[in-house]
Amino acid sequence: MPILKSYGEIEALYTAVATLFVQICHDAISAKGKVSIALSGGSTPEGLHRLLASEEYASQIKWDRVFIFWGDERCVPADSDKNNSYAARQQLLKHVPIPTENIFPVPTFLPPAKAAEEYEKAIIKHFGDSAPAFDLLLLGMGSDGHTASLFPGTSILAETKRFVSEVYVEKLQMDRVSFTLPLIEQARQIVFIVTGEGKASMVEKVLDPKEDTEEVPAMLIHDREYNPVLWFTDVAAVSKLHV
Ligand code: 6PG
């Protein structure tokens with residue numbers, strides 16, 4: 001069972017995740033000299049980004065040892081406010097002393113398939129001879145149960161070999177590039193951040209599935225003995241969960 005941590009105040013949620021972020025950075029850098037992190041997209045992470053950019057948290061992190069990727073990206077220009085790496089730069093990365101060469105945005109200037117291919121190459125190169133296992137992989141979830149750009153009914157869900165794939169999301173009429181399940185599941189620590197009443201039904205479905213519950217992508221992120229998947233939510237997002 002994933003570990004669920006719910007908070008009445010959104011700032012307390014972001015503080016808890018920021019504290020974990022700092023701890024994971026410290027542990028990985030102490031052990032390996034670097035920490036590899038995949039940020040999630042959408043609007044939920046903004047509060048976390050801004051807290052990590054604050055002196056209190058930024059000063060605790062050796063940013064020159066931090067390597068940042070994104071679990072998924074919209075195939076829009078790098079300077080679009082819909083671009084996940086653009087948002088993270090504005091909210092966090094431009095406010096901390098992380099070397100530009102440590103930041104790996106999806107090359108959305110390329111066609112989706114080529115961007116996915118190049119991104120996978122960059123990830124494999126980054127991890128060298130080791131298996132590509134992010135020390136921290138942040139995920140959000142949509143009210144339809146999608147996570148990263150693993151949307152219900154899309155071909156990427158069936159990908160078992162590639163680590164990164166392009167995917168056309170019909171309902172959004174948008175091309176995306178996303179980590180696949182094989183890459184997500186290799187991460188050392190997977191953390192979902194999900195907030196809001198609008199997601200409460202899906203949170204209940206994913207965290208307390210019934211016999212006949214229709215499987216949604218977020219349910220495919222299987223739990224593991226070591227480093228259980230962590231879910232950080234506000235009380236609104238778990239208001240339909242009766243555990
Ligand atoms: C994206 C995401 C996506 C996001 C969820 C939740 O690019 O949109 O990576 O998986 O995490 O859609 O988005 P919100 O945080 O905006 O609700």
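Remember, it's 1-based here, ligands and their atoms both numbered in the order they're listed.
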Are any of the N/O atoms on His146, whether in the backbone or the side chain, positioned under 3.5 angstrom from an N/O atom of ligand 1? yes
Taking atom 2 (C) of ligand 1 as the point of reference, which of Asp72, Val169, Leu39 owns the nearest heavy atom? Asp72
When you measure from atom 11 (O) of ligand 1 to each heavy atom in Gly198, Gly42, Gly140, which option holds the nearest one? Gly140
Set of residues satisfying side-chain hydrogen bond (donor to acceptor under 3.5 Å, both in side chains) with respect to Lys171, sequence neighbours excluded: Asp144
With a 3.5 Å cut-off and no angle check, do the side chains of Arg74 and Asn84 form a donor-acceptor pair? yes
Under 3.5 Å, is there a donor-acceptor pair between the Asp72 and Ser178 side chains? no
Residues [X] and [Y] bridged, charged N to O under 4.0 Å:
{"X": "Asp135", "Y": "Lys32", "result": "yes"}
{"X": "Glu215", "Y": "Lys205", "result": "no"}
{"X": "Arg162", "Y": "Glu166", "result": "yes"}

When you measure from [atom] to every protein heavy atom, which one gives the shortest distance, and what is it?
{"atom": "atom 4 (C) of ligand 1", "answer": "Gly41 O, 3.9 Å"}
{"atom": "atom 15 (O) of ligand 1", "answer": "Thr44 OG1, 2.6 Å"}
{"atom": "atom 17 (O) of ligand 1", "answer": "Lys199 NZ, 2.6 Å"}

Heavy-atom contacts under 4.0 Å between [X] and ligand 1: side chain, backbone, both, or neither?
{"X": "Arg74", "answer": "side chain"}
{"X": "Leu139", "answer": "neither"}
{"X": "Ala148", "answer": "backbone"}

Restricting to pairs with a member in residues 5-17, which pass side chain to side chain donor-acceptor pair (under 3.5 Å), not counting sequence neighbours? Ser6-Thr233
Ligand 1 contacted by Arg176 (non-hydrogen, < 4.0 Å): yes
